[in-house]
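We name chains A, B, ... by the order of the sequence lines, and we start the count at 1 in each one. For the numbers below, each heavy atom of this structure counts, side chains included, while hydrogens, waters and symmetry mates do not.
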Amino acid sequence: MTLYDKIKTLYPELTERDFMTVITLQNDSDGKGDYIAKWEHPTLPKPTQEQLA
Amino acid sequence: MASLIPSANASGTGSMTLAGPSTNSNQTVNIPDVTGTMMVSGNMPAFSAYASSSQSVSSATPTKVTLGTEIFDTNNNFASSTFTPTVAGYYQINGLIRGTGTTVTVVYVAIFKNGSAYRRGTQIATTLVGSTQVSVTDIIYMNGSTDYLELYGFVSATSGSTFEFNDAASTSVFSGCLVRAA
C-alpha cells in the first residue's frame with residue numbers, strides 16, 4: 001500500500017484536489033520512498049508515523 | 001577611431017589567440033556596442049536526456065523522473081537526472097512526460113529548482129484509460145554553482161500510475177541550454 005493509499009484510507013474524505021493544493025506527497029527517486037512534503041489541510045491533522053505504519 | 005586594448009588577466013598565465021580563417025576569404029567579427037561576456041560553445045552548456053524505461057510511481061505523488069539516457073551533455077553538467085550548470089545565466093528548460101495508468105484523472109509535469117517546485121506545466125484533468133503527455137517550458141536563471149534543476153511528474157490513477165516509456169525516446173524527456181549569460 002502506498003503512502004497515498006494509507007492516507008486515503010485514514011481520511012477517505014480527502015479529494016484529489018487536496019493532494020494538489022494543501023497536501024503534497026513527494027518521491028525524489030532516491031530510494032527513500034514517498035513522503036509528506038507539505039501538509040496544510042485546514043481541518044485534518046497530519047498523520048502520525050504510527051498511523052501510517 | 002575606436003581602439004583595441006588587449007588586457008592580460010592578472011591571475012592567469014594562458015595566452016589568447018585570434019586565429020584567422022582557414023580560407024583565403026576575409027572575415028569580419030563585429031563586437032556589440034555593450035559590455036558583456038562573449039559566449040562561445042565552450043561556455044554554453046546544453047543537455048538532453050530521456051527515460052530509457054517506464055517508471056512506476058505512486059498515485060498523486062510528484063516523483064522525480066529518472067532520466068537514464070543522455071542524448072548530449074556538452075558541459076558534463078547533467079548527472080543523476082539532475083542538471084547543475086556551471087555557467088551562470090538564463091536557461092531555456094523543457095520537460096515532457098507521458099503518464100499512464102488505469103483510469104487516469106490528473107497528469108502534470110513540473111520543473112523543480114533546488115528541490116522545490118518552480119514551474120508547473122501542462123495539467124490534464126480528465127477521466128481516461130490510456131496515456132496522456134504533458135510538457136513544461138520556461139527560462140530559468142541559474143547561478144552557475146549551487147542551483148540545480150530536476151523534472152517531476154504527477155499521475156493520479158486508480159492503479160498502475162506510470163511514467164511511460166514507449167521505446168521512442170520521446171515520451172519522458174528533459175532538456176535545456178544557456179540562452180544568455182548572467
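No path of Ile, Leu, Val, Met, Phe, Trp and Tyr side chains, each step under 4.5 Å between heavy atoms, connects B:Y148 with B:Y141, placing them in separate hydrophobic clusters. Residues A:W39 and A:L52 are members of one and the same hydrophobic cluster, defined by side-chain heavy-atom contacts under 4.5 angstrom among Ile, Leu, Val, Met, Phe, Trp and Tyr. Residues B:M44 and B:M142 are members of one and the same hydrophobic cluster, defined by side-chain heavy-atom contacts under 4.5 angstrom among Ile, Leu, Val, Met, Phe, Trp and Tyr. Under the 4.5 Å side-chain heavy-atom criterion for ILVMFWY residues, no single connected hydrophobic cluster contains both B:Y108 and B:I97. Note: the hydrophobic cluster containing B:F154 does not contain B:L67 (ILVMFWY, side chain heavy atoms under 4.5 Å, direct or indirect links).
Between B:S156 and B:S59, the closest heavy-atom pair is CA-OG, 3.4 Å. For the pair B:T137 and B:Q92, the tightest heavy-atom approach, listed with the atom from each and the gap, is OG1-NE2, 2.6 Å. Of all non-hydrogen atoms in B:S135 and B:L96, the two that sit nearest each other are CB-CD1, 3.9 Å. Minimum heavy-atom separation, B:V40 to B:N43: O-OD1, 2.7 Å. A pairwise comparison of heavy atoms in B:P62 and A:T24 identifies CG-CG2, 4.3 Å as the closest pair. Minimum heavy-atom separation, B:A157 to B:V104: CB-CA, 4.0 Å.
Between B:F47 and B:F174, the ring-plane angle classifies as perpendicular under the 30° and 60° cut-offs.
Among residues 41-51 of chain A, no residue has any heavy atom closer than 4.5 Å to a heavy atom of chain B. For a heavy-atom cut-off of 4.5 Å, chain B lies close to A:Y4, A:E16, A:F19 in residues 4-19 of chain A. Inspection of non-hydrogen atoms places A:Q26, A:N27, A:D28, A:S29, A:D34 of residues 26-35 of chain A under 4.5 Å from chain B. Applying a 4.5 Å heavy-atom cutoff, the residues of residues 110-117 of chain B that approach chain A are B:F112, B:G115.
Contacts of B:Q123 with chain A are made by side-chain atoms alone, with heavy-atom separations under 4.5 Å and no backbone atom involved.
Looking only at heavy-atom pairs under 4.5 Å with chain A, the residue among B:T66, B:T63, B:V65 that has the most is B:T63.
Formation of a donor-acceptor pair under 3.5 Å by the B:S131 side chain with backbone atoms of B:T100 is not found in this model. B:T82 places a side-chain N or O within 3.5 Å of a backbone atom of B:S80 that can act as its donor or acceptor partner. B:S48 places no side-chain N or O within 3.5 Å of a backbone atom of B:S175 that could act as its donor or acceptor partner.
Between atom OH of residue B:Y91 and atom CG of residue B:D138 there is a gap of 15.0 Å, rounded to the nearest 0.5 Å.
Test B:L149, B:I93, B:I140 against B:Y118 for side chain to side chain contact (heavy atoms under 4.5 Å, CB included) and you get one pass: B:I140.
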